[in-house]
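For reference, the structure is listed below as structure tokens.
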2 protein chains.
Amino acid sequence: MALDEIDKKILRLLQQDAHYTLKDIANKINLSLTPVHDRVKRLEKDGIIEKYVTLLDKKKLGNNLTVYCQVTLTKQTYDTSEGFNQAILEMPEVVECNYVSGNFDYMLKIIIPDMESYHHFHQKKLSVLPEVSLINTVFVISEVKSTTVLPI
Amino acid sequence: MALDEIDKKILRLLQQDAHYTLKDIANKINLSLTPVHDRVKRLEKDGIIEKYVTLLDKKKLGNNLTVYCQVTLTKQTYDTSEGFNQAILEMPEVVECNYVSGNFDYMLKIIIPDMESYHHFHQKKLSVLPEVSLINTVFVISEVKSTTVLPI
DNA sequence: ATTTTAAACAGAATAATTTTCTGTAAAAAT
DNA sequence: ATTTTTACAGAAAATTATTCTGTTTAAAAT
């Protein structure tokens, strides 16, 4: 499962654009179609390549507000955590949720149309969870960087 | 640029899998190839569809540590902000950077191999920036959710 | 109200891409 | 030294994307 330099070149290209054709990639790295094809299939099978997705423009879809929620649970037990996790997985506006170290338990990232939507989310969906004790909101004023590209 | 229900169905599918073929999509929404093709092209042209990317398994690539950095700048001026932004854009381990409200100025998300790498990043790359005054690190203990899918 | 125009779609033809197949050369294993 | 495996090239086949032609529908224009 070790990656050689050719694998890395392929991954770097595919991270940028999932619609590069095998021919595109083959040309860029000076190989024929066969090895590129075989390597991509291997990378998919090994799970290095997780999936191919389409990224949409959140603002053009009307999602003009991004916020981080720092959530503290009522109890630090397994059941409480699990209950919270399951609830979060059902909420489409929560695009990231991580259990973290520090003064609070979870860091959430929320993408939502506007402040009114956030008010509703906060009051009617998040704070009402029995597992939630405290919510501290950090509002995103301006996005500097957001990438799915991992360094290879 | 208004999206009808068919556009939304197409976007929902493409968000999940950028490798769905036009035929796949056409079948799933009961249409012929032509309108699906035309609509996808329109959504690309209008920038609703931003790009197609490949998501890789960060752990299989050796990135076993995720952290949030809460950064405070030395001064809240435009030049300081711009200098910081430019520096961040050059750092591949920083996958998210947002200017935020609250007790600090920026929220960063860092993906990196291990604690030693983070130590190096913190001491030699981030804290040395002239714009940076304070860094508070929040370590991710466990990832609950991470998606590129926006609610439509 | 009737014609015109434009928009949305179906189906077929063409072009491009992916996938499979065949074969070769070099490296690794026995 | 022989066999096996791995990595690759090139060609053929299958699938997919793209283009073209034509129909229907609804809106727009006259």
Side-chain angles (χ1 to χ4, degrees), chain A residues 1-63 113 147-152, chain B residues 1-63 113 147-152:
Chain A
M1 215 194 75
L3 303 175
D4 66 12
E5 201 45 51
I6 297 176
D7 290 329
K8 290 179 186 174
K9 282 182 186 172
I10 293 174
L11 292 175
R12 285 190 203 108
L13 290 168
L14 284 178
Q15 279 198 109
Q16 289 183 255
D17 188 349
H19 272 12
Y20 276 139
T21 66
L22 295 178
K23 202 174 149 191
D24 290 336
I25 299 172
N27 288 339
K28 282 175 195 285
I29 66 178
N30 290 316
L31 270 177
S32 68
L33 290 180
T34 312
V36 176
H37 177 266
D38 292 353
R39 281 167 182 270
V40 171
K41 289 301 152 193
R42 175 171 51 77
L43 293 165
E44 288 174 354
K45 191 179 65 59
D46 291 351
I48 311 272
I49 292 179
E50 224 168 59
K51 54 185 164 181
Y52 304 98
V53 303
T54 302
L55 301 185
L56 308 183
D57 186 315
K58 56 174 175 284
K59 292 201 174 168
K60 288 187 175 159
L61 290 174
N63 295 121
T147 182
T148 56
V149 175
L150 303 176
I152 300 181
Chain B
M1 213 194 76
L3 303 176
D4 65 13
E5 201 45 51
I6 296 176
D7 290 329
K8 290 178 186 174
K9 282 181 185 171
I10 293 174
L11 292 175
R12 285 191 203 106
L13 290 168
L14 284 178
Q15 279 198 109
Q16 290 183 252
D17 188 350
H19 272 12
Y20 276 140
T21 65
L22 295 179
K23 200 174 150 192
D24 291 335
I25 299 173
N27 288 340
K28 282 174 195 285
I29 67 178
N30 290 315
L31 269 178
S32 68
L33 290 181
T34 313
V36 175
H37 177 265
D38 292 352
R39 281 168 182 269
V40 171
K41 288 302 151 193
R42 176 171 52 76
L43 292 166
E44 288 174 354
K45 191 179 65 61
D46 291 350
I48 311 275
I49 291 178
E50 224 168 60
K51 55 185 164 181
Y52 303 98
V53 302
T54 302
L55 301 185
L56 307 183
D57 186 315
K58 56 175 176 284
K59 292 200 174 168
K60 288 186 175 160
L61 290 174
N63 295 122
T147 182
T148 56
V149 174
L150 302 177
I152 300 181

- Query: What integer distance in Å separates B:L33:CG from D:dT21:P?
  - Reply: 18 Å

- Take atom NE2 of B:H19 and atom C1' of D:dT16, then tell me their distance rounded to the nearest Å. 12 Å

- Message: Checking A:D7 against A:D4 for the side-chain contact (heavy atoms from CB on, under 4.5 Å) test, could you report, in this order, the C-alpha distance in whole Å, the side-chain angles of both residues, the deciding distance, and whether it holds?
- Response: CA-CA 5 Å; A:D7 290 329; A:D4 66 12; 3.3 Å; yes

- Message: OP1 or OP2 of C:dT18 versus the side-chain N and O atoms of A:K41: is any pair under 4.0 Å?
- Response: no

- Note on the structure: Of the candidates C:dC9, D:dA17, C:dT18, the side chain of A:L22 sits closest to C:dT18

- Query: What is the minimum heavy-atom distance between B:Q15 and B:T148, and which atoms define it?
  - Reply: OE1-O, 3.7 Å

- Interatomic distance where OH belongs to B:Y52 and P belongs to C:dT17 [whole Å]: 15 Å

- Task: To the nearest 0.5 angstrom, please state how far the CG atom of B:D57 sits from the CD atom of A:E50.
- Result: 5.0 Å

- Item | Nearest-angstrom distance from the residue atom CG of A:N27 to P of D:dA9 | 12 Å

- Under 4.0 angstrom, heavy atoms only, what part of the nucleic acid is B:T34 near: base, sugar-phosphate, or nothing? base

- Message: Can you tell me if B:K23 touches the phosphate of D:dT15, counting only side-chain N or O atoms and a distance under 4.0 Å to OP1 or OP2?
- Response: no

- Item | Pairwise salt bridge (Lys or Arg N to Asp or Glu O under 4.0 Å) hits with a residue in residues 8-35 of chain A, at least two apart | A:E5-A:R12

- Which part of the nucleic acid, if any, lies within reach of A:L31 when heavy atoms closer than 4.0 Å are counted: base, sugar-phosphate only, or nothing? sugar-phosphate

- Would you indicate whether the side-chain heavy atoms of B:L56 and A:L43 approach each other to under 4.5 Å? no

- Between B:I10 (CD1) and D:dA17 (P), how many Å, whole number? 13 Å

- Message: Please confirm whether the shortest side-chain N or O distance from A:R42 to OP1 or OP2 of D:dA7 is below 4.0 Å.
- Response: no

- Message: I need the CZ-P distance between B:R39 and C:dA7, as an integer number of Å.
- Response: 13 Å

- Query: Starting at CG of A:D4 and ending at P of C:dA27, how long is that distance when rounded to a whole Å?
  - Reply: 15 Å

- Below 4.0 Å: OP1/OP2 of D:dT18 and any side-chain N or O of B:H37: yes

- Message: Considering every strand and a 4.0 Å limit on heavy-atom distances, what is the contact class for B:S32: base, sugar-phosphate, or nothing?
- Response: base

- Query: Can you tell me how far C1' of C:dA7 sits from CG of B:D38, to the nearest Å?
  - Reply: 10 Å

- Message: Mind checking if B:I25 touches a base, just sugar-phosphate, or nothing, with heavy atoms under 4.0 Å?
- Response: nothing

